[in-house]
Amino acid sequence: MHDTQDVGKDASKQIGKLGKAATSKGGRRALSAGAKAIAKVTRFIIQKVIGTLIKALLTYLGPVALVIITVIILVLLVIQSVAAFDIFQRGGERNATEELFDETIREVIQDRTEEIGAPVGSAISSSQQGDPYPAVDGSWIEVVESQMRPSWGMTATLYYYKMQLNESFKPWHRKYSKVKVKTKEQKKEAKEQFYKVINEAYDYYFNDPSMQPTITYSESSGEFKDVVTTVTCTSPPTEDGGEPTTSTTTTKEKVDLPPRKIIGNVEILYANLTVPYKKYETDWISKKDTSSGDCSTHIEEKYTLQVIDDSSVPSVNFNANMLLTFLLIDNPEGDLAALVKVKDLEFVMEVAKEADQNFPDLSINYEGLIECSKGSGGLEGCISANVKSSVFGNSFGNYSWFPGDFKELYEKAAEAFGVDWWIIASVHGQETTYSQNPVATSPKGNSVGARGHFQFMPRTWMGWSYRGDSQNTVTRVGNIIGPFDFTNLANIAKYGGYGLDANSNGVASPLEIEDAAFTAAKYLKASGYKKGNEKAIKKALSNYNAVPTYIEEVYNRGIMFRDGLETVPGGDGGGKSNLVEVGKRWIGNSTYKFGGGRTPSDIALGYFDCSSFVYWAYKQVGIDVGGMGNTDTLKVKGTRINISQAQPGDLVFFDTYKIDGHVGFYVGNGKFIGAQSSTGVAIADMSTGYWAGKFKGHVRRVP
């Protein structure tokens with residue numbers, strides 16, 4: 001086994017097998033755009049390994065590090081590239097069998113990760129089955145399972161980390177590399193064999209108690225039933241020929257139901273779900289009539305129950321302390337994973353994030369955590385002390401609006417280079433959350449060296465023709481290690497960089513917001529930006545980051561800025577009269593997602609359900625309609641009116657899977673706009689067809 005500081009060194013020895021890194025900022029960003037997620041892990045690993053290596057060498061070896069770094073860089077310059085990337089770092093040496101084996105590793109990790117949430121869904125479903133309890137909505141359970149399962153990128157990264165620590169590791173390929181995969185049938189048989197072998201190898205990891213759901217049960221309360229018993233007795237005719245007589249007796253009683261076991265809380269690693277409950281009343285239920293002699297008994301029961309609120313969006317919190325505790329303390333060690341050493345945590349977190357875009361961003365004081373871990377206290381206490389926010393996820397932040405103070409700067413930079421200010425604003429938000437991220441003003445930049453408000457690599461800023469010298473080394477991802485001044489205007493002119501001195505103070509620094517914004521505009525223009533041409537704009541954005549979700553988020557958020565739909569919090573996007581036009585923004589450009597529309601990322605990508613779309617649209621015109629839970633939170637807003645009085649913007653409700661189960665807002669002429677499960681955001685006719693049958697006249701006007 002290696003000491004942690006050797007991780008970067010050993011990884012660097014294998015760089016030649018991984019292929020060359022990008023030769024421009026666009027190329028560096030493009031490393032994230034591979035079709036295979038495992039390939040994306042490995043590509044990013046190259047970048048991180050170099051940063052980790054340099055940091056470790058400078059920390060532990062001092063001046064000697066410069067010599068070592070110089071040797072490494074010279075080796076990297078000689079090594080030729082290969083076309084493929086893989087988790088085992090064998091690149092172009094792999095044959096078709098080995099590539100299939102890699103692909104299967106990824107599938108196993110993803111499949112096993114998805115299975116983790118299945119017991120939760122099964123437990124929730126089985127906890128509320130059988131009359132008189134309603135079945136829990138299947139789509140709600142699916143959302144719970146998807147939110148509760150941990151990131152698969154974490155497992156893939158821990159596997160890679162294990163390989164770097166273990167010098168005796170031998171890729172599985174060596175044993176299976178000669179399995180034939182020439183024909184379709186051979187490939188199918190090989191895939192089945194590989195899947196079984198890999199799946200069995202991962203049993204120890206995924207079957208470990210730390211990877212299993214923890215379900216906490218409690219007892220129901222306040223459940224009862226109202227019972228109405230009607231006894232009807234008919235007396236026989238009298239002996240003197242009198243008519244038979246009938247008497248009816250009705251009694252009512254309230255019967256308390258005994259407490260039953262219900263699910264209170266569910267935990268899986270760093271995800272925590274508090275199961276929501278609501279009061280639920282059944283209709284009157286007739287029991288089977290019984291007879292005894294001349295009397296018959298009819299019983300009706302009506303239940304008041306405590307049931308799972310599957311009409312609300314599941315509220316899953318993610319605990320940063322628990323995530324780090326797993327990585328550093330509880331991670332099941334074995335052939336495929338190792339406990340992360342504190343000094344390697346930042347590296348592991350960033351690689352996992354690159355592998356899976358859903359892996360959480362955390363605010364962690366890594367230096368403080370490393371220093372604290374050297375003391376005699378417990379590591380758990382160090383984690384708590386150095387995680388700035390212990391709970392993350394599932395909340396609206398300031399991510400989708402730009403601070404008004406920057407707008408004039410965006411406009412000046414955009415005008416200077418013929419690009420759009422709203423794209424500059426959106427890039428700024430994406431890269432450093434409008435400079436709220438401390439990395440925006442950190443001289444060290446992020447872990448791979450990107451600097452400033454718009455996150456430029458030094459060599460992109462100064463010019464990629466600079467190759468380093470006796471005192472300065474360069475990395476293949478664009479960083480410069482050493483005292484060389486990449487903000488010097490003469491150096492930028494000499495090496496052909498993009499950096500600008502926009503504030504005319506004699507230096508061009510990415511740490512100065514004016515310089516950074518103007519340089520971003522210049523860089524986008526040089527990347528082929530054309531105003532009014534969506535394809536060209538997105539192509540230019542790909543030089544910042546080629547990941548499709550990045551491009552779509554930046555572009556769609558920019559459109560919101562352009563149209564005045566997202567400004568500062570509380571801003572008026574045009575008044576209620578503009579509500580319909582606001583909603584039309586997403587027609588043909590959105591996807592229905594149960595529980596969607598509640599995070600900036602979902603909104604940027606156009607993921608909504610019906611209630612979140614209505615909430616979002618009203619927010620754009622300065623109207624707050626309250627919580628975003630579901631249609632229940634909207635059906636009591638404002639004043640109920642008759643459909644004959646409906647005006648554009650009034651809420652309209654439809655009885656779908658439940659009463660008022662769907663909501664949109666009226667656009668006029670018997671039509672409404674809403675997020676429909678079959679179409680995404682669309683205008684539909686509520687006077688004929690399906691929606692006419694579901695509309696029962698419920699219309700509300702919000703002031």
What are the two closest heavy atoms between [X] and [Y], and how far apart are they?
X	Y	answer
Phe665	Ala617	CE2-CB, 3.7 Å
Met148	Leu273	SD-CB, 3.7 Å
Ala123	Ile215	CB-CD1, 3.6 Å
Cys610	Gly661	SG-O, 4.2 Å
Arg598	Ser611	NH2-OG, 3.1 Å
Ala135	Asp310	O-OD2, 4.0 Å

Hey, is the main chain of [Y] close enough, under 3.5 Å, to the side chain of [X] for a donor-acceptor pair?
X	Y	result
Arg149	Gly117	no
Tyr666	Gly670	yes
Thr325	Asn321	yes
Asp420	Trp422	no
Gln212	Phe206	yes
Glu267	Thr214	no
Ser426	Val554	yes
Asp609	Gly595	yes
Ser542	Lys539	yes
Ser125	Gly121	no

Salt bridge (Lys or Arg N to Asp or Glu O under 4.0 Å): pairs with one or both residues in residues 211-231, sequence neighbours excluded: Glu223-Arg260, Lys225-Glu301

When you compare the side chain of [Y] with that of [X], does any pair of heavy atoms fall below 4.5 Å?
X	Y	answer
Tyr280	Pro132	no
Val667	Ile683	yes
Leu323	Met349	yes
Pro134	Thr282	no
Leu324	Ile364	yes
Met322	Leu269	no
Phe326	Met154	yes
Val614	Leu634	yes

Distance check, rounded to the nearest 0.5 Å: [X] atom [atom1] versus [Y] atom [atom2]?
X	Y	atom1	atom2	value
Ser127	Lys261	OG	NZ	9.5 Å
Glu300	Lys302	CD	NZ	11.0 Å
Lys619	Ser612	NZ	OG	12.0 Å
Thr251	Ile299	OG1	CD1	8.5 Å
Leu257	Leu305	CG	CG	7.0 Å
Ile262	Ile124	CD1	CD1	12.0 Å

Steps toward side chain to side chain contact (heavy atoms under 4.5 Å, CB included) verdict (Arg106, Thr104): CA-CA 5 Å; Arg106 174 182 56 81; Thr104 310; over 6 Å; no

If the plane angle is over 60° it's perpendicular, under 30° parallel, otherwise tilted; pick one for [X] and [Y].
X	Y	value
Trp421	Tyr410	parallel
His662	Phe672	perpendicular
Trp616	Phe608	tilted

Lys278 atom NZ: more than 12 heavy-atom contacts under 6.0 Å: yes

Asp256 atom CG, over 12 foreign heavy atoms within 6.0 Å: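 Enclosed: over 12 neighbouring heavy atoms sit under 6.0 Å from CG of Asp256.
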
Thr232: side chain to side chain donor-acceptor pair (under 3.5 Å) partners, not counting sequence neighbours: none

Centroid separation Phe613 to Trp586 less than 6.0 Å: no

Check: Phe594 ring centre within less than 6.0 Å of Trp140 ring centre: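 Ring centroids of Phe594 and Trp140 are no less than 6.0 Å from each other.
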
Trp152/Ile109 under side chain to side chain contact (heavy atoms under 4.5 Å, CB included): CA gap, chis, key distance, verdict: CA-CA 6 Å; Trp152 76 270; Ile109 291 175; 3.9 Å; yes

Side-chain H-bond candidate by donor/acceptor type, Tyr202 with Asn207, under 3.5 Å: no

Show me the donor-acceptor pairs within less than 3.5 Å that the side chains of residues 641-648 make with the rest of the protein, sequence neighbours left out.
unit_1 : atom_1 : unit_2 : atom_2 : d
Asn642 : OD1    : Ser644 : N      : 2.8
Asn642 : OD1    : Ser644 : OG     : 2.9
Gln645 : OE1    : Asn642 : N      : 3.1

Residue pair Tyr217, Asn265: steps toward the side-chain hydrogen bond (donor to acceptor under 3.5 Å, both in side chains) verdict: CA-CA 7 Å; Tyr217 290 89; Asn265 185 269; over 6 Å; no

Reference residue His298; test side-chain hydrogen bond (donor to acceptor under 3.5 Å, both in side chains); the match among Asp289, Thr229, Thr290, Thr250: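 The side-chain hydrogen bond (donor to acceptor under 3.5 Å, both in side chains) with His298 is passed solely by Asp289 among Asp289, Thr229, Thr290, Thr250.
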
Intermediate values then yes/no, side chain to side chain contact (heavy atoms under 4.5 Å, CB included), Tyr592 and Gln676: CA-CA 6 Å; Tyr592 182 88; Gln676 276 73 262; 5.9 Å; no

Lys/Arg N to Asp/Glu carboxylate O, Lys696 vs Asp660, below 4.0 Å: no

Pairing of Arg701 and Asp650 as salt bridge, 4.0 angstrom limit: yes

Cation-pi check, Lys254 onto Phe224 ring (under 6.0 Å, within 45° of axis): yes

Evaluation steps, side chain to side chain contact (heavy atoms under 4.5 Å, CB included), between Leu158 and Leu327: CA-CA 9 Å; Leu158 288 175; Leu327 293 174; 4.1 Å; yes

